[in-house]
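This report refers to the structure that appears directly beneath it.
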Amino acid sequence: MLKLENVSKFYYNKGIIASGFTKVNLELKIGEFVVITGESGSGKSTLLNVISGLDSYEEGEMYANGNETSHFSEKDFEDYRRKYVANIFQTFNLVNSYTVYQNIELVLLLNGYKKRKVKKKILDIIDQVGLTKFKNTKVSKLSGGQKQRVAIARAMVKDTPIIVADEPTGNLDSESAKEVLEILKRVAKNKLVVIVTHNIEQVEEQATRIIKMHDGRIIQNTEIKRISKEPEAIESDYNNISVFNKYRLGIRNTFNIKSKFLLLFAVFFFMAAAILAEYSSFQMSEKEQSDYGYSVGFRDLSENRILVNKKDKTSFTSEDFDKIKELSNVDYIVEDDVTIDGGIPISRGDLSLHGNMLDIKNFKGELDYGRMPESDDEIILKIRNDHFYIEERMDDVLNKTFSILKSQGINAWSNETAGEVTIVGIETFDDVNDYDCKFYVSKSILNQFRADINKNYSEMKILLNDKYVQFTIEPNEYVEKGKAIVDDELKYQFKNYRIINKPLNIYVKNIYYNEELELSISNTYTKYNIKRLTGLDKYDNNRFKIFINTDDYNSLYNKPTHQSSVYVKDAEIIDETMNQLDNLGLNPKKVTDFKVNQGETSQRIIKIIKVVVTIILIIVLFFISYIIIKIILKSRNVYYTTLRMLGATYKNVRRILDIELFINSTISYIGLMLFIYCTKANIINLEYIAKLSEYLTYKEYAIMYLVIIVISRLISIKFARKIFKNSAINTYNEEV
Ligand code: ADP
Ligand code: MG
């Protein structure tokens, strides 16, 4: 069966050549029971590995069943092993997390046997080694002797003509050693058994040949019993493992070591979470970049203007402003930022002026005409000195009362009047490029204007009897505080039309605040009573309205300022001032960053950075998780090397690991999705995460899943390569 002619084996290790064994000549036949002895380091294991095809040799020729093997490829040796050889090791080399039955079944599944067809055979063999009682026990729970009996059963089940056992009793107490050798002797019939052991006396009667090795050479080769006619070697059947059984093993491996499952779960979970969090926070800043405050178009793009809002999104207090003013480079603050950019028209008869509203506090100029305001509705007009109204119609402007038009959003006005102001003073300026006026007004007019803007930029919902109703809210002096007078129509929303004293909730939401008002309905109006209830006489014009108290109404919109503008003295050192503002808990942005297309450009840059950072993060996370998974899978190296020794190919190993990681990562991802869902549904209270998740679309979740799958795929490829990088026995020795 086996013939070695002058075979030598060398080890190359970092430039040093060591000899495993030298010039071995040997002929072994089926039916022999060969016992090899010799002191440690004499080359016994090396010889067995070469005989088993687990390792290559460098010199001479080994004939296996008459075939030369010196030109054998890795694949040829694999075939040779699968046809002819089964190994038993000193360290058992079993899968500890599998049961006795599964360990024996494993070798058959890997060699393409069908699961159902092998059951009887396996049970039979388990019985032969006396482990029937333990067939469903995990190997990790067995004693050394029992483990070695499982290993023998596994070597027997494939029915190969050669069984190679390297010190199978080395790790066993003498009692168990005896039992194991007894079993080995029993299975030796019609096979070639090659065994390394120090317990010669226990195998003496069985041995047909005793070989003694010393220093890499055979120094004694005694044939005790001659095999006159060698029986024919019957090749063991094998096939490729079926797809179904690959999945079976993959699934089994996913769950059979719980700690490993949980660790992998955590790694995939956090990897996906990190990528999603990073990606969505970019999405968020991109979004924020596009809706920073209300200032859609900035009218004042001076270099010395910084926009600020508070990081915690609350409104500014006077202490906030005081702190800002203390900064040395700060010139002045325009508290109501919106008034700088939101120009408004005021009109009187055929005259109309367009400009920004500014706080009278910030008026620093000198009047050319008229006087400073003395009451809240008096204003100063700043206007170009060559303006037609100044040159030709001064009498129609100075000391005249103008109407402020009601705003319908930035740069849109209705014909309704929002209030009246009187121009009492005029300052002129000389700038051919600036056609806009400025109105310096009192705080109360500014507040009114801001409330108007707030209203136009808010979303409002009215909740009545658990339903949202599409009515408009109007302030009305006749209505008591905390009450609402509604269209009689609305009573049909209630059983028996009992609407009086029912609660009515109003919700106002914008980028800065959420406000809620709880009212109760005090009355309903009809054509007949509208005049008495509200003072309005045209019923048809006022249908589908909800009238509430003016103070209540103002409480919804007349909110303190959330965005201000800081003007610096020296624009050269504006960055320094920005840092100081940042340290005060503010978000500073230079208004010049928003100059034509700049907003878009910075969004585009964020987009590019997002893609680059995401890719880098994925790569970095891939390596980090590969290292972590490698450590976690370290315990699996032995398993997969065992698979290899039992006949699994590179592709098989990759596929089985692939399935394992696929299931594990999918479960992690589902876990992550559930987690995000729970934060969204407020089952888990993590507002920030819930908020971040709003910036992700289903498509992005799906892409993320694919990324995770691809990463787990790459990991299994890398891992499988590693298992097959070296000869089977080297890989195994490295791992054990
Ligand atoms: P035994 O099994 O008889 O104890 P081995 O076959 O394990 O002996 O070792 C024979 C010789 O080969 C020893 O000198 C040992 O140091 C050397 N050897 C074994 N394995 C390797 C290896 N992977 N790399 C280098 N030298 C090795
Ligand atoms: Mg050895």
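For this chain, numbers begin at 1 and follow the sequence in order. As the structure lists them, so they are numbered: ligands from 1, and atoms in each ligand from 1.
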Is any NZ, NE, NH1 or NH2 atom of the basic residue among [X] and [Y] found under 4.0 Å from an Asp or Glu carboxylate oxygen of the other?
{"X": "Glu660", "Y": "Lys260", "value": "yes"}
{"X": "Lys135", "Y": "Asp127", "value": "no"}
{"X": "Glu182", "Y": "Lys185", "value": "yes"}
{"X": "Asp79", "Y": "Arg82", "value": "no"}

Check: Thr169 side chain, Leu172 main-chain N or O, donor-acceptor pair, under 3.5 Å: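 Such a contact is absent between Thr169 side chain and Leu172 backbone.
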
Give the residue and atom name of whichever protein heavy atom lies nearest to [atom], and the separation in Å to one decimal.
{"atom": "atom 18 (N) of ligand 1", "value": "Tyr11 CE1, 3.3 Å"}
{"atom": "atom 8 (O) of ligand 1", "value": "Gly43 N, 3.2 Å"}
{"atom": "atom 1 (P) of ligand 1", "value": "Gly41 N, 3.4 Å"}
{"atom": "atom 5 (P) of ligand 1", "value": "Thr46 OG1, 3.5 Å"}
{"atom": "atom 7 (O) of ligand 1", "value": "Ser45 CB, 3.8 Å"}

Sub-4.0 Å protein heavy atom next to atom 10 (C) of ligand 1: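 At least one protein heavy atom is under 4.0 Å away.
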
Distance-only donor-acceptor check, side chains Arg654 and Tyr640, under 3.5 Å: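 Side-chain D/A pair, Arg654 to Tyr640: absent.
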
Under 4.0 Å to a heavy atom of Gly20 - the qualifying atoms of ligand 1, by number: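 Result: 10 (C), 12 (O).
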
Location of contacts on Asn13 toward ligand 1, heavy atoms closer than 4.0 Å: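 Side chain only.
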
Heteroatom test (N, O or S) for Ser45 near the Mg ion (ligand 2), limit 2.8 Å: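 Here the distance criterion (N, O or S atom, under 2.8 Å) is met by Ser45, so yes.
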
Residue selection (non-hydrogen contact nearest atom 12 (O) of ligand 1) among Ser19, Ser40, Ala18, Gly38: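 The nearest heavy atom belongs to Ser19.
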
Stepwise ring pair (Phe, Tyr, Trp, His ring centres under 6.0 Å) check, Tyr98 with Tyr639: CA-CA 10 Å; Tyr98 280 14; Tyr639 171 76; 5.6 Å; yes

